[in-house]
Asks: 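The structure follows.
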There are 2 protein chains.
Amino acid sequence: MSNAGVAVSRPDGQELVRGRPRHPDVDAAIIAAALSVLVDVGYPRFTMVEVARRAGVGKPTLYRRWARKSQLVVEAMRTQMPGEAALPPDNVSDQLLHYATRLSETLTHTPLGRVLPGLVAEMATDPDLAAAYRSLIIEPTRQLWREAVERGIRTGELLPDTDVDFVLDALAGPLYVRLLITGAPADPDAPWLAVQLVLARYSASPAVGAADPRRTISAGPAS
Amino acid sequence: MSNAGVAVSRPDGQELVRGRPRHPDVDAAIIAAALSVLVDVGYPRFTMVEVARRAGVGKPTLYRRWARKSQLVVEAMRTQMPGEAALPPDNVSDQLLHYATRLSETLTHTPLGRVLPGLVAEMATDPDLAAAYRSLIIEPTRQLWREAVERGIRTGELLPDTDVDFVLDALAGPLYVRLLITGAPADPDAPWLAVQLVLARYSASPAVGAADPRRTISAGPAS
DNA sequence: GCTATAACGCTACTGGCAGTAACGAAAAGA
DNA sequence: TCTTTTCGTTACTGCCAGTAGCGTTATAGC
């Protein structure tokens, strides 16, 4: 997102750089500083001055790269997202459990959890930020989940009437509610419980969902 | 929450009021103005000056009643919560559907939905606000839901291993996720779909949850 | 080298808002 | 009348986002 107004592509395909080039370490230093500030004080007390101070950089240097504070934050958050990591298990229930568990860990063990509430607020009034956050952070994750669910429908593991988007909301919802609304500590079982709900309703194999299905499906998180 | 530093209770139980009494309409005027500002601009652009202006009141008058902007907002929100309205249906599934539908409507049709994101952010750094919001707005609602679920367990409608708090999260989660995270428009079916999930997993009667259970339980929101 | 260009750190500024202080005036009880 | 407290008004402090202008420095092309 560090806007590349510097480089102008030339007819020969090379980059024409005029003037003093940007220092190669500054971007990284700013992102690192931003993350450290976010971890320390959360979004609402996150100030650009403090980021500049910790990065050993002038404030205008920040604004040369990111026009808004919120954009810098989104960029910093994006670096915290887990990589693709080719999905390991080959059945839908384990895949969903894997994803839900990973989201739960991201929310509890990375700055994302600490920052999310403030970001959510800003999204409500800053459409650009909302779009950036959703397309860079939320959507990539949801797309993975969506593909897993659709695959499950195709293979017959899930019922054909499965409401894909609702399933995604149902898996992520309980995790977000705790973090954002009730403030209760994250329940390590929550991902598994959520997957249970989804399977109980949408799994094609009728046995699932009653009694104690934990053993009938899988033991725990795959990661 | 309008702090009553004015009245001092006397031994005889009467109120001892010294000095000029507060104007009886000012509290209501401020709350009304606050709500109108919230509706118009949302929490992050909500300013006390604007509230004072619309209420035809000085800024210090606001601060005489509510020490923080966030406290005024919580108070204003509280007036928007639906009343108790003795729970109508007598079976758990209809009760939960009723509550979930009411939450959905509150989130979409009252200022609460517009304000919630910003409030959530502020809660992350303001423990007092978080406590006030949770005890005045979140908890009363959850308590109703909790009682319904526990009643269902007692009557045998729900399985004894039902995880009560998780059920609450699972019912509210999908609604909040849309509002706060994905920004997708509220799905009018979401409350019903969420109840379906819960019943499919925790209902004691095994028929529920497969095929098209919509007709096997109830048609729609009870309100 | 020399020149043009743009990044850099620095300082200073504008503008908006939360929250406070101080005032004179008004409303009530004692 | 005296005391107390509210009320509106005005003015203030302090914080922060974001911008402007400065002199300096690194690089590419001539």
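Remember, predicted model here, so these are calculated numbers, not experimental data. Chain A is the first sequence line, chain B the second, and so forth, proteins listed ahead of strands; every chain is numbered from 1.
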Asks: Could you state the atom-to-atom distance from CZ of B:Arg54 to C1' of D:dG8 in whole Å?
Replies: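 It works out to 20 Å between those atoms.
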Asks: Take the protein atom CZ of A:Arg64 and the nucleotide atom P of C:dT5, then report the distance between them rounded to whole Å.
Replies: 17 Å
Asks: Considering just the side-chain nitrogens and oxygens of A:Arg65, establish if one lies under 4.0 Å of OP1 or OP2 belonging to C:dC8.
Replies: yes
Asks: Taking side chain to side chain contact (heavy atoms under 4.5 Å, CB included) as the definition, give me every residue that meets it alongside A:Thr79, ordered by chain and number, with sequence neighbours left out.
Replies: A:Ile31, A:Leu35
Asks: For the residue pair A:Arg65 and A:Gln71, confirm or rule out a side-chain donor-acceptor distance under 3.5 Å.
Replies: no
Asks: At less than 4.0 Å, is any side-chain N or O atom of A:Arg18 found next to OP1 or OP2 of C:dA6? Yes or no.
Replies: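 Result: yes.
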Asks: Under the rule for side chain to side chain contact (heavy atoms under 4.5 Å, CB included), what residues qualify as partners of B:Thr110, not counting sequence neighbours?
Replies: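 Testing B:Thr110 for side chain to side chain contact (heavy atoms under 4.5 Å, CB included), a comparison that skips the adjacent residues, returns B:Gln80, B:Thr106, B:Leu112.
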Asks: For C:dC17, does either OP1 or OP2 sit under 4.0 Å from a side-chain N or O belonging to B:Arg53?
Replies: no
Asks: Measure the distance from CG on A:Asp25 to P on C:dC8 and round it to the nearest whole Å.
Replies: 11 Å
Asks: May I ask you to test the A:Arg102-A:Leu144 pair for a side-chain heavy-atom distance under 4.5 Å?
Replies: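 Of all side-chain heavy-atom pairs linking A:Leu144 with A:Arg102, at least one is under 4.5 Å.
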Asks: Using a cut-off of strictly less than 4.0 Å between a heavy atom of the residue and any atom of DNA chain C, enumerate the qualifying residues of residues 33-44 of chain A by number.
Replies: none
Asks: Want to settle it: does B:Pro60 or B:Gly19 sit nearer the 5' end of DNA chain D, counting the closest nucleotide to each?
Replies: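 Looking at the nearest nucleotide for each, B:Gly19 comes out on the 5' side.
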Asks: Check whether any side-chain heavy atom of B:Pro191 lies under 4.5 Å from a side-chain heavy atom of B:Leu103, and answer yes or no.
Replies: no
Asks: Under 3.5 Å, is there an N or O donor on one side and an acceptor on the other linking the side chain of A:Arg20 and the base of D:dT25?
Replies: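 By the distance-only test, yes, there is a pair.
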Asks: Under a 3.5 Å cutoff, is there a donor and acceptor pairing between the side chains of A:Glu147 and A:Gln143?
Replies: yes
Asks: Could you give the side-chain donor-acceptor pairs of residues 38-49 of chain A under 3.5 Å, partners two or more places apart or in another chain?
Replies:
| from | atom 1 | to | atom 2 | distance (Å) |
| --- | --- | --- | --- | --- |
| A:Asp40 | OD2 | A:Arg54 | NH1 | 2.9 |
| A:Asp40 | OD2 | A:Arg54 | NH2 | 3.2 |
| A:Arg45 | NH2 | B:Thr125 | O | 3.2 |
| A:Thr47 | OG1 | A:Glu50 | N | 3.2 |

Asks: Identify each atom pair where a protein N or O and an N or O of nucleotides 11-17 of chain D are less than 3.5 Å apart, giving names and distance.
Replies:
| from | atom 1 | to | atom 2 | distance (Å) |
| --- | --- | --- | --- | --- |
| D:dA17 | OP1 | A:Phe46 | O | 3.1 |
| D:dA17 | OP1 | A:Lys69 | NZ | 3.3 |
| D:dA17 | OP2 | A:Met48 | N | 3.2 |

Asks: Would B:Arg201 and B:Asp163 satisfy salt bridge (charged side-chain N to carboxylate O under 4.0 Å, His left out), going step by step from the backbone distance to the final call?
Replies: CA-CA 11 Å; B:Arg201 168 64 183 84; B:Asp163 184 328; over 6 Å; no
Asks: In whole angstrom, what separates A:Asp27's CG from C:dA7's P?
Replies: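 The answer, rounded to whole Å, is 12 Å.
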Asks: Give the rounded distance in Å between these two atoms: CG of A:Leu62 and C1' of D:dT19.
Replies: 14 Å
Asks: Among residues at least two apart in sequence or on other chains, which ones pass side chain to side chain contact (heavy atoms under 4.5 Å, CB included) with B:Ala130?
Replies: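 Listed in chain order: B:Met123, B:Arg134.
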